[in-house]
Amino acid sequence: VLAIPIIDDGQLAATAYLADKLPRVWHHEEIALLDEVAQRTWSAVQRERAEQALRLKTQELEALVSNAPLGVGFFDRDHRYLRVNAELAAINGVAIEDHIGRRIEEVLPDKFRTVTPYLDQVFATGDTIRNVEVTGETPREPGVRRSWLTSYYPVRGHDEGIVAVGAWVVDISDRKEAEERLKASEARMRAIVEAAPVGLVFAEAPSGRITGGNAKVEDIIGHKILPSEDTDSYREWVGFHPDGRQVEGHEYPLAQVVSGTADRAELETLYRRGDGSQAWIRFIAAPIKNEAGEVTGGVVASLDVDQQRRAEAELRRLNASLAQEVAEAVDKREVALNQLHEAQKMETIGQLTGGVAHDFNNLLSAILSNLDVARKRVDDLRVIKLLDGAIKGAERGSALTKRLLAFARRQDLKAEPVDIAGLFAGMQDLLVRSLGPGVRIATELPRDLPPVIVDPNQLDIVIPADFE
């Protein structure tokens, strides 16, 4: 038996055995021949293994390319298609066989000027180019512009030279359209947020980190939106309860909804604005939920209710003042009614007095007339003196009735110059008889006292009343 070792890369890779039926001595030429046969046989075995491995890789690559969920193509230096898979053929709207051997400008005349520079760059540098966005039309949908995300990589031969450039193509038109719709929706939402008549602030959940807001809220609170990182930091937004206590961070409505403790929260607080002034602000918060109903954030609306609160306080003050004024008016009305009742009673008395005085004046007129006639026909001095006294008394009675008529407003007041001294002298006997002999009457009047403009009957009423 002859054993021939096969050494590969310095190590024993295999052993070739040659046997003869009879014992023998192997010559050097035979050993050399057998060694060459063994080496060639090993080379053939290695080549077959390599070819099998290559075929397997080729089959795997073929399966991968054919079934890849993205377009795959290979190009030579003249920009000709060497190979395309079914997905790329569907993207381009051209059959697979109509790609092979044709230049890219023949298949895709709308976008070859965009793609060919990348192919040339990979052939020149050997570098992979990733995630290039390409837009254009295809024979599949003429007149419709679509978008693709492309990548380009070198395909090397056995000598490491670049023999082709591969391209991966993913249709992102639907994604781009969705992105554009999302951008448009976000732009509309931003316009709505900015145009809102209330201040708005947004936060993440559950941390409470402030993510943004509109310009209106800065007008209301009087300072920039604070970049609070959590709900505890909300205490930096300084507000006070009606009883004067400062609002804690967790008490703000936004903190309650992002933490999940409330589905809606509201708080009215006396807020300290950026300039140090204070204003009443109402905060109303609601959670932001995803499709699964999970709280992902929160939004709080800020309303300036300072004028409303101050108007309500002023209204309460006015109501209290009005109630007091009404009470005072009622009291005044009661007084006025009492005065009216007294005036009505006095008017009744005056009417009665006027009627009695009028009748009494008529009687006195008749008496004075008869006394005057009697005096003219009597010669007895003693009787004349008595008649004179009776006439004076009747005249006093007549004056009294005139005063009563004036009191009852049935006698017009007649102001005229009156000699006060003469008036007192004429009333001397009446006062003596009225007051009695136990009272001595003394008058002290200046000699040069000028006349007084007055109704003499009214003055006659006043002077006796002062002596009572």
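Nothing here was measured: the structure is a model prediction, and the numbers come from that model. Only this structure's heavy atoms are used, side chains among them; waters, hydrogens and symmetry mates stay out.
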**Student:** Are the side chains of V217 and I225 in contact, using a 4.5 Å heavy-atom criterion?
**Tutor:**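 The answer is yes, as the side chains (C-beta and beyond) meet within the 4.5 Å cut-off.
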**Student:** Quick one: does any side-chain atom of N214 pair with a main-chain N or O of L200 as donor and acceptor, under 3.5 Å?
**Tutor:** yes
**Student:** Could you tell me whether K289 and D263 make a salt bridge, using a distance below 4.0 angstrom between a side-chain N and a carboxylate O?
**Tutor:** yes
**Student:** Report the C-alpha separation of Y81 and F74 in whole Å, then their side-chain angles, then the decisive distance to 0.1 Å, and conclude whether the ring pair (Phe, Tyr, Trp, His ring centres under 6.0 Å) test is met.
**Tutor:** CA-CA 6 Å; Y81 284 96; F74 297 92; over 10 Å; no
**Student:** Working to the nearest 0.5 angstrom, can you tell me the gap between I284 CD1 and E266 CD?
**Tutor:**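 Reported value, rounded in 0.5 Å steps: 4.0 Å.
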**Student:** To the nearest 0.5 Å, what is the distance between CZ (R181) and CG (D174)?
**Tutor:**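 Those atoms lie 8.0 Å apart.
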**Student:** Is the side chain of S151 donor-acceptor paired with the backbone N or O of W168 at a distance under 3.5 Å, no angle test?
**Tutor:**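 Such a contact is absent between S151 side chain and W168 backbone.
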**Student:** Could you tell me whether the side chain of I104 reaches within less than 4.5 Å of the side chain of F75, counting heavy atoms only?
**Tutor:**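 The answer is yes; the side chains approach within 4.5 Å.
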**Student:** Would you find a donor on one side and an acceptor on the other, under 3.5 Å apart, between the side chain of R273 and the backbone of H223?
**Tutor:**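 Checking the backbone N and O of H223 against the side chain of R273, no donor-acceptor pair under 3.5 Å is found.
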**Student:** Would you check, one step at a time, whether the test side chain to side chain contact (heavy atoms under 4.5 Å, CB included) holds for V165 with Y153?
**Tutor:** CA-CA 6 Å; V165 171; Y153 59 94; over 6 Å; no
**Student:** Measure across I453 and P417 and return the closest heavy-atom pair with its distance rounded to 0.1 Å.
**Tutor:** CD1-CG, 3.6 Å
**Student:** Taking the basic N atoms (NZ, or NE/NH1/NH2) and the acidic carboxylate oxygens, is any pair closer than 4.0 Å for E179 and K183?
**Tutor:** no
**Student:** Given 3.5 Å as the limit, does a donor-acceptor pair link the side chain of D35 with the main chain of I31, or not?
**Tutor:** no
**Student:** Is a side-chain N or O of Y234 found less than 3.5 angstrom from the main chain of P253, in a donor-acceptor match?
**Tutor:**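 Checking the backbone N and O of P253 against the side chain of Y234, no donor-acceptor pair under 3.5 Å is found.
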**Student:** Go through it in stages, so that I can follow the logic: the residues are Q339 and V335, the test is side chain to side chain contact (heavy atoms under 4.5 Å, CB included), and I'd like the CA-CA distance, side-chain angles, deciding distance and then a yes or no.
**Tutor:** CA-CA 6 Å; Q339 292 176 345; V335 172; 3.7 Å; yes
**Student:** Taking the side chain as every heavy atom from C-beta outward, state whether I6 and T15 have any pair of such atoms under 4.5 Å apart.
**Tutor:**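 No. Closest side-chain heavy atoms not under 4.5 Å.
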**Student:** Taking A191's backbone N and O only, do any of them form a donor-acceptor pair with E194's side chain (distance below 3.5 Å, no angle check)?
**Tutor:** no
**Student:** If the threshold is 4.0 Å, N to carboxylate O, is there a salt bridge linking R146 and E137?
**Tutor:** no
**Student:** Between the side chains of W237 and S228, does any donor sit under 3.5 Å from an acceptor?
**Tutor:**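 Present: a donor and an acceptor within the cut-off.
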**Student:** Write down the atom of A89, the atom of A95, and the distance for their closest heavy-atom approach.
**Tutor:** CB-C, 4.3 Å
**Student:** Hey, does Y252 have a side-chain heavy atom less than 4.5 Å from the side chain of V247?
**Tutor:**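 Side-chain contact under 4.5 Å: yes.
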**Student:** For the pair T231 (side chain) and G249 (backbone), establish whether a donor and an acceptor sit closer than 3.5 Å, ignoring hydrogens and angles.
**Tutor:** no
**Student:** Determine, step by step, whether L267 and H241 satisfy the side chain to side chain contact (heavy atoms under 4.5 Å, CB included) criterion, reporting the C-alpha distance in whole Å, the side-chain angles of both residues, the deciding distance to 0.1 Å, and the verdict.
**Tutor:** CA-CA 9 Å; L267 176 67; H241 291 287; 4.1 Å; yes
**Student:** Working to the nearest 0.5 angstrom, can you tell me the gap between L337 CG and H341 NE2?
**Tutor:**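 Those atoms lie 5.5 Å apart.
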**Student:** Do NZ/NE/NH1/NH2 and the carboxylate oxygens of E177 and R175 come within less than 4.0 Å?
**Tutor:**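 Looking at R175 together with E177, the answer is no, because their closest N to O distance does not fall below 4.0 Å.
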**Student:** Which pair of heavy atoms, one from A203 and one from I210, lies closest together, and at what distance?
**Tutor:**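 For A203 versus I210, the nearest heavy atoms are CB-CD1, 4.1 Å.
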**Student:** Within the supplied structure, the quantity of interest is the number of heavy atoms (other residues, nucleotides, ligands) at a distance under 6.0 Å from Y118 OH; does it exceed 12?
**Tutor:** no
**Student:** Taking the side chain as everything from C-beta on, heavy atoms only, tell me whether P287 gets closer than 4.5 Å to V295.
**Tutor:**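 Yes. Closest side-chain heavy atoms under 4.5 Å.
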**Student:** Quick one: do V122 and D127 satisfy side chain to side chain contact (heavy atoms under 4.5 Å, CB included)? Show the steps, please.
**Tutor:** CA-CA 6 Å; V122 175; D127 297 330; over 6 Å; no
**Student:** Considering non-hydrogen atoms only, spot the tightest contact between E268 and W280 and give its length.
**Tutor:** O-CZ3, 4.2 Å
**Student:** Please answer whether the main-chain N or O of F240 pairs with a side-chain N or O of T269 as donor and acceptor at a distance below 3.5 Å.
**Tutor:** yes
**Student:** Quick one: does V132's side chain get under 4.5 Å of L149's, heavy atoms only?
**Tutor:**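 A side-chain contact is absent here, since even the closest heavy-atom pair is not under 4.5 Å.
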**Student:** Kindly compute the distance separating CD (Q246) from CG (L270), expressed to the nearest 0.5 Å.
**Tutor:**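 Output value for this atom pair is 11.5 Å.
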**Student:** Less than 4.5 Å apart, side chain to side chain, heavy atoms only: is that true for V115 and L108?
**Tutor:** no
**Student:** Would the number of heavy atoms belonging to other residues, nucleotides or ligands and lying under 6.0 Å from CZ of R102 be above 12?
**Tutor:**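 Atom CZ in R102 is packed in, count exceeds 12.
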**Student:** Output the distance between atom CG (L226) and atom CD1 (I221), rounded to the nearest 0.5 Å.
**Tutor:** 6.5 Å
**Student:** Is any side-chain N of the basic residue among K176 and E133 closer than 4.0 Å to the acidic one's carboxylate O?
**Tutor:** yes
**Student:** Report the C-alpha separation of E218 and K216 in whole Å, then their side-chain angles, then the decisive distance to 0.1 Å, and conclude whether the salt bridge (Lys or Arg N to Asp or Glu O under 4.0 Å) test is met.
**Tutor:** CA-CA 5 Å; E218 296 182 350; K216 182 65 176 179; over 6 Å; no
**Student:** Would you check if there is a donor-acceptor pair between the side chains of N92 and H99 at a distance under 3.5 Å?
**Tutor:**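 H99 vs N92: donor-acceptor pair found between side chains.
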**Student:** Is the shortest side-chain N to carboxylate O distance from R190 to E186 below 4.0 Å?
**Tutor:** no
**Student:** D306 pairs by side chain to side chain donor-acceptor pair (under 3.5 Å) with which of R310, Q308, R309?
**Tutor:**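 Between D306 and the candidates, side chain to side chain donor-acceptor pair (under 3.5 Å) is satisfied uniquely by R310.
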**Student:** Nearest 0.5 Å, what's the CD1-CG distance between I96 and N85?
**Tutor:**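 Taking CD1 in I96 and CG in N85, the distance rounds to 7.0 Å.
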**Student:** Would the distance check show the side chain of D98 and the main-chain N or O of V94 forming a donor-acceptor pair, the cut-off being under 3.5 Å?
**Tutor:**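 The answer is no, because no donor-acceptor pair under 3.5 Å joins these two groups.
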**Student:** Determine the minimum heavy-atom distance between L12 and A14, stating which atoms define it.
**Tutor:**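 Smallest heavy-atom distance, with atoms named: CD1-O, 3.3 Å.
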**Student:** Got a sec: does the CZ of R113 have more than 12 other heavy atoms crowding it under 6.0 Å?
**Tutor:**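 Open: at most 12 neighbouring heavy atoms sit under 6.0 Å from CZ of R113.
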**Student:** Check L88 against V72 and note the closest heavy-atom contact, atom names and distance.
**Tutor:** CD2-O, 3.6 Å
**Student:** If you count the non-hydrogen atoms of other residues, nucleotides and ligands that lie under 6.0 Å from CD in Q307, is the total more than 12?
**Tutor:**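 Not more than 12 within 6.0 Å, no.
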**Student:** Please check this pair: side chain of T125 against backbone of Q121, looking for a donor-acceptor N/O pair closer than 3.5 Å.
**Tutor:**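 Checking the backbone N and O of Q121 against the side chain of T125, a donor-acceptor pair under 3.5 Å is found.
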**Student:** Could you tell me whether the side chain of T261 reaches within less than 4.5 Å of the side chain of Q256, counting heavy atoms only?
**Tutor:** yes
**Student:** With a 6.0 Å cut-off (strictly less than), is the heavy-atom count around CZ of R272, excluding the residue itself, greater than 12?
**Tutor:** no
